[in-house]
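To start, the structure under review is shown below, and the notes come after it.
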Amino acid sequence: MKQTDKDIEISTMLVDWYKENQRDLPWRQTTDPYKIWISEIILQQTRVVQGLDYYYRFIDRFPTVDALAAASEEEVLKYWQGLGYYSRARNLHASAQYIMLHCGGIFPSSYETILSLKGIGEYTAAAIASFAWNMPYPVVDGNVYRVFSRLFALDTPIDTGKGKKEFYELANMLINPSNASMHNQAVMDFGALVCTPQAPSCTSCPFQHKCLAFAGGNVLDYPVKQHKTKSRNRYFNYFHIEWNDRTFLSRRDKSDIWKGLYEFPLIETGQSVNFTELSSLPDFKAIFGFQTPLDIMLVLNEKKHVLSHQVIYANFYKVRISNKDSALDKFIEINSSELDNYAISRLTHIYFDKLAESFAN
DNA sequence: AATCCGGGGCC
DNA sequence: GGCCCAGGATT
């Protein structure tokens, strides 16, 4: 389909709105593709307010591709700690090293090369290409789905191949090729500030008289999704082992949550278990060998930790041992004062908060 | 096409 | 409790 004057009119209205109402965000003060890249990865499935401080800290420590590539994956994960979706950090690091090795250390400026980098899909490639070089690639993110599905009352489910294709073609038709950067930022800010998921500001919306969903009185029915998220329960039993001033960690390395992060020795069970049941499991002996821990303290009991697709019920036991069984050799033994050097999950962080609290009381 | 990957804020 | 957020990779 060819672009029409009417299509450009929508872009013009969006950009006019944007010029008056845009958010002041640090990654908009630059056209450095590296900084834009970092901001876009941080903002994947992440609200601006949640990502802002991470962006400042990350850019401060890794101001260039070179600096990021030269760092260890561990340190990069440490700067990502608590933000979630940790493959973003690992891919960021791997791509920085790729750029040093294969692109002369210069962030690539061709859309196809950008798209080929780990952790960069259609959305992020379009965002970087348009924001850094004003290249005419349309962004299609959650805001775009919402704004355009409402404006045109499009009910194709957005989580299907057909829906993704339809919305991409629509976005491609609506973008003003000579003003791609501002157009893309405008749609997203409009979606984030006016055409919001709940309680959109229809009464003050400049598109109210054009919006087919508003005319139909069912704005909140858009965008249409096919799938519902379902969740499973998991039961984690952690042991914060104290052996004099030493403790033990392991690094998660399987295809599971928190890959690359550190944690205490863990027994995962199929259902909720108490300490007596736990201590009779083979996994228990695999951690402690033939000794019995002393001073067992249940610091967190059935702590509920909700993720997107699973709910974790976690027990954290603080236990003291008098001598070290060789069974513990498979763990990383560190001095307790070094714990802060390791990237940990939010759940483990919650444990430390609780521990500090119980000390204060 | 379906599922997985975090954490937080909102109603 | 369910939904969504400047999505992408894996199966």
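The analysis underlying the following values was restricted to heavy atoms, covering all of them including side chains, and did not include hydrogens, waters or symmetry mates. In what follows, chains carry the letters A, B, and so on, assigned in the order in which the sequence lines appear, proteins first and then strands, with residues in each chain numbered from 1.
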Worksheet item: Does A:Tyr85 have A:Arg88 sitting over its ring (NZ/CZ under 6.0 Å from centre, angle to axis within 45°)?
Response: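 Judged by the rule, A:Arg88 and A:Tyr85 form no cation-pi pair.
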
Worksheet item: What nucleic acid atoms does A:Lys230 come within less than 4.0 Å of, heavy atoms only: base, sugar-phosphate, or nothing?
Response: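 Result for A:Lys230 = sugar-phosphate.
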
If I pick the [atom1] atom on [M] and the same atom on [N], what distance separates them, to the nearest angstrom?
| N | M | atom1 | value |
| --- | --- | --- | --- |
| C:dT11 | B:dG6 | P | 15 Å |
| C:dC4 | B:dC5 | C1' | 16 Å |
| B:dT3 | C:dC3 | P | 15 Å |

Worksheet item: Can you tell me how far C1' of C:dC3 sits from CD of A:Gln226, to the nearest Å?
Response: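 Taking atom C1' of C:dC3 as the reference, CD of A:Gln226 is at 17 Å.
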
Fill in: d(CG, A:Asn143; P, C:dC3) in whole Å
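Whole-Å distance recorded here is 19 Å.
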
Worksheet item: Which residue lies toward the 5' end of DNA chain B, A:Val306 or A:Ala199, if each is placed at its nearest nucleotide?
Response: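 Mapping each residue to its closest nucleotide by heavy atoms, the 5'-most match is A:Val306.
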
Worksheet item: Quick one: is B:dG6 close enough that its OP1 or OP2 comes under 4.0 Å of any side-chain N or O from A:Gln81?
Response: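 No, because none of the side-chain N or O atoms of A:Gln81 sits under 4.0 Å from OP1 or OP2 of B:dG6.
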
Worksheet entry | Side-chain N,O (A:Lys259) to OP1/OP2 (B:dC4) below 4.0 Å |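 Negative; the distance criterion is not met.
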
Worksheet entry | A:Lys318 with A:Asp295: basic N within carboxylate O range, under 4.0 Å |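 No salt bridge links A:Lys318 with A:Asp295.
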
Discussion item. Could you check whether the side chain of A:Gln50 and the base of B:dG7 have a donor-acceptor pair of N or O atoms closer than 3.5 Å, going by distance alone?
Written reply: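 Present.
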
